[in-house]
2 protein chains.
Amino acid sequence: MGRWANAVPSRAEQSDTKRKAIIREAARVFNRRGSHGTTLDDVAERLGVTKAALYRYVNNKNDLLFACHEEAMEIANEALEAGEREGRTGIEKIQIGMTGYLRVMISDLGVPVLLLEENALAGEDATQIRALRDAFEKRLRRLVEAGIADGSIVPTNPKLAVFMLLGAVHWVTKWYSPDGPWTAEEAASALIELATRGFAANPSPTLNSHLHLPSNSRAKRQKEP
Amino acid sequence: MGRWANAVPSRAEQSDTKRKAIIREAARVFNRRGSHGTTLDDVAERLGVTKAALYRYVNNKNDLLFACHEEAMEIANEALEAGEREGRTGIEKIQIGMTGYLRVMISDLGVPVLLLEENALAGEDATQIRALRDAFEKRLRRLVEAGIADGSIVPTNPKLAVFMLLGAVHWVTKWYSPDGPWTAEEAASALIELATRGFAANPSPTLNSHLHLPSNSRAKRQKEP
DNA sequence: CGCAAAAGTGACTTATAAGTAACAATAGTA
DNA sequence: TACTATTGTTACTTATAAGTCACTTTTGCG
């Protein structure tokens, strides 16, 4: 054990940190350009190293892609657990869970991944990730069913509702930018509010998030802080 | 002019038909596997020809990708025109337009494309498609603004509403299959109903599409025709 | 300091997929 | 039927990106 055990990171810890940085950065690029459209040289360049250096931390490209998906699924499941713990009705659980998921994805990872491209992952890894993703979707569907049962969600086809929600959520990779006008928090909660209102049993007559204010009043707001 | 002018296709017409078939098939595969993840050998194989044959109809892969996007945008704009013509309120125009778009995309093309991957298109083509897509999104935003003005849509951020809707729509490539339980028509209208309800000023207390019936009653329905 | 282990590099091999070109089959037309 | 356009194929070249390897550089430690 080192003398300042928790202060100075050990060799293994440093290595682990770097591996995570690689996964994070790779996930970003994979998301925007697709995994086939991204070279390991690209990823390496963004990290200021050469491709060969990456191979100290991952076995190959497929392994890296697998790690990205794995991490995304981990975040998703943790978020959903929080939602299930804190929400009172089915729809609340979904809202809390998905808002949390989206917020973390946008800000930390810059990304929701979840098998955007078919056939990108090869072999054993693919089936494993697909199983995780299917389990996640099933869990979401259960929450929709629970919401219908407890009267917070309008009678609807749970599969379709989940597909609608996931589409709205995953699409953020295409338009969200940290340099844009919205914080991760704002974008996440406003988007989830809008999407879940689609199957809410009693949709509020107005939207809560200030993001939904008309754009001229938003502009004013910014000029008079 | 041939003798049965409209009955027997001329050489040029045949060639045109084949080019369209190539675009159609390519769009399908590009959508599922990404453009970088798809080889021209793949596309050729699905059409029962060899790669070299494709080069009689398209100049190169980029050209083919461009054509796919171009066609998708054409369908999108036609659908939106129909919506603007037939719908009475802002939300109705969006619903009619997007349902039509989605239905055609799913059944005919198997696909909404719309620049799913960044950097997939190179050079001049990329800026041209991006311009078309931006114009389409702006047009949709205008309809949202019109809907807010005419009271059919709840006050909301038009950009966000459009992003939500487009996410839900484009995601169908990930889950829709013609072999599944839903026709293109059913899936399109049910999905659009659900998504647009998210920003409707007066969301109906129940959903219309029979797709939204609970699954056990659907199962019954199928067993007792 | 000096040195061993870890991290990183540059120069490769190898695999794959885009694109080409010479040749073969096919189908409308004199 | 024979002739010529067009369509298609087989067998290539070429470009790119994955993955490897022998090596230098860096860094924590006695």
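This structure is a prediction, so every number in the text was calculated from the model and none was measured. Lettering follows sequence order; numbering is per chain, from 1.
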Between the base of D:dA18 and the side chain of A:K51, is one N or O donor paired with an acceptor at under 3.5 angstrom?
yes
Any N or O donor-acceptor pair under 3.5 Å from the base of D:dG19 to the side chain of A:K61?
no
Measuring from the side chain of B:A52 (C-beta onward, heavy atoms only), which nucleotide among C:dT9, C:dA7, C:dA21 has the closest atom?
C:dA21
How long is the line joining [atom1] of [X] and [atom2] of [N], in whole Å?
X	N	atom1	atom2	result
A:E45	D:dA18	CD	P	13 Å
A:D63	D:dG19	CG	C1'	13 Å
A:Y57	C:dT9	OH	P	10 Å
A:R56	D:dC21	CZ	P	12 Å
A:D41	D:dA18	CG	P	7 Å
A:Y55	D:dA22	OH	P	17 Å
B:L47	D:dG8	CG	C1'	13 Å
A:N60	D:dA17	CG	C1'	14 Å

For C:dT26, which nucleotide in any strand shown is its Watson-Crick or wobble partner with both distances under 3.5 Å?
none
If we call it a pair only when both distances are under 3.5 Å in a Watson-Crick or G-U wobble match, what pairs with C:dA15?
D:dT16
Checking A:K51 side chain against A:T39 main chain: does a donor-acceptor pair fall under 3.5 Å?
no
Does A:E81 CD have over 12 foreign heavy atoms under 6.0 Å away?
yes
Hey, does A:F30 have a side-chain heavy atom less than 4.5 Å from the side chain of A:H69?
no
Syn or anti for C:dA25 (syn when the glycosidic angle lies within 90° of 0)
anti
Distance below 4.0 Å between B:T39 side-chain N/O and C:dA17 OP1 or OP2
no
List the atom of B:T99, the atom of B:A188, and the distance in Å for their closest heavy-atom pair.
O-CB, 3.8 Å
Taking all non-hydrogen atoms of both residues, which atom of B:D63 and which atom of B:N60 are closest, and how far apart?
N-OD1, 2.8 Å
